[in-house]
Amino acid sequence: MRIHHLNCGTMRPLGGTLFDGNPGVLRRAEMVCHVLLLETEDGLALIDTGIGTQATSRPNEWLGRSFCLAIAPTRDRAESAVEQIVRLGLDPADVRHIVLTHLDLDHAGGLADFPDAVVHIYSDELDAMQSPRNRAEKERYRPQQFAHGPKFRAYRTEGDPWFGFDAVRELDGLGSDVLIVPLVGHSRGHAGVAVRNGDGWVLSAGDSYFFHGELEAAPSCPPGIAVFETLMQAQRGPRVDNQNRLRTLVAEHGAEVSVFSAHSSTEFSRSLAKGA
Ligand SMILES: [Zn+2]
């Protein structure tokens, strides 16, 4: 298995230091959409999809006007997963599987670029999108992004223990090298996705946290990120518990499991430097 780290949607929220901790508030911070592309013996697989090509051709419709104003997502189609796959000399039609951490617009936006792929997701997350329980769930998902009828394959949270997490399981057709890990809190059925990398693992923690300092022994988090995490959380208790579990994972097994947030540009750069 070969793992590629792709940024499939640079986002630049207003507020500078409030989001990235670097000096200056009157500038835009930089965040990424950290996607994994897996070259398996049985075709290609994506872990999350970024914002997709239609975010560049019709951004207000695809992502929403307020999101575009606040976050200033890239208009560069070259960042889309589908174009990056082509530049790697691979065929987007070979993407057979997509595993999503959740269905928010910056993770599911690229689904429509791969309409034939099987889309693996927790059933609680699919239910939150299809049958929202409250206004927050109704507004966070973009129906346009699912209008093509994704081939969802939904899973209940059940399985085996894995590095301190419970109910971790394999996914149909992806073998034992890709695991879905319940990381509920940011959204109702939010997941982490672990991919075997040689003797260790890479774990996409999605939006379980946003800032690299949050998983350090003495955690730190810029105030804008802290507010955003609270505003967007579906369930506070599980979100905080899972963030604590991730911090313990890094402290106890950081040599075996490399964890990243979907949006940390610092961690994305580290992943590129490590090569996998
Ligand atoms: Zn996100």
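Just so you know, ligand 1 is whichever comes first in the structure, and atom 1 is the first atom listed for that ligand.
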*Asks:* Using 2.8 Å as the threshold, say whether any N, O or S atom from His186 sits that close to the Zn ion (ligand 1).
*Replies:*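 No N, O or S atom of His186 is closer than 2.8 Å to the Zn ion (ligand 1), so no.
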*Asks:* Need the atom name: nearest N/O/S atom of Asp106 to the Zn ion (ligand 1).
*Replies:* OD2
*Asks:* Distance under 6.0 Å and angle within 45° of the ring axis: does Arg270 meet both against Phe268?
*Replies:* no
*Asks:* Restricting to N, O or S atoms, which atom of His107 is closest to the Zn ion (ligand 1)?
*Replies:* NE2
*Asks:* Shortest non-hydrogen contact from Phe210 to His186?
*Replies:*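 Reported closest heavy-atom pair: CZ-CE1, 4.0 Å.
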*Asks:* Which of parallel (below 30°), tilted (30 to 60°) and perpendicular (above 60°) describes His34 and His5?
*Replies:* perpendicular
*Asks:* Within less than 2.8 Å of the Zn ion (ligand 1), any N, O or S from Cys33?
*Replies:* no
*Asks:* Does any N, O or S atom of Asp104, backbone or side chain, fall under 2.8 Å from the Zn ion (ligand 1)?
*Replies:* no
*Asks:* Taking the Zn ion (ligand 1) as the vertex, measure the angle between atom OD2 in Asp207 and atom NE2 in His263; round to 10°.
*Replies:* 110°
*Asks:* Between Asp113 and Thr53, is there a donor-acceptor pair closer than 3.5 Å when you use the side chain of the first and the backbone of the second?
*Replies:*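 Yes; at least one donor-acceptor contact below 3.5 Å.
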*Asks:* Can you list everything that forms a ring pair (Phe, Tyr, Trp, His ring centres under 6.0 Å) with Tyr141? Sequence neighbours excluded, please.
*Replies:* none
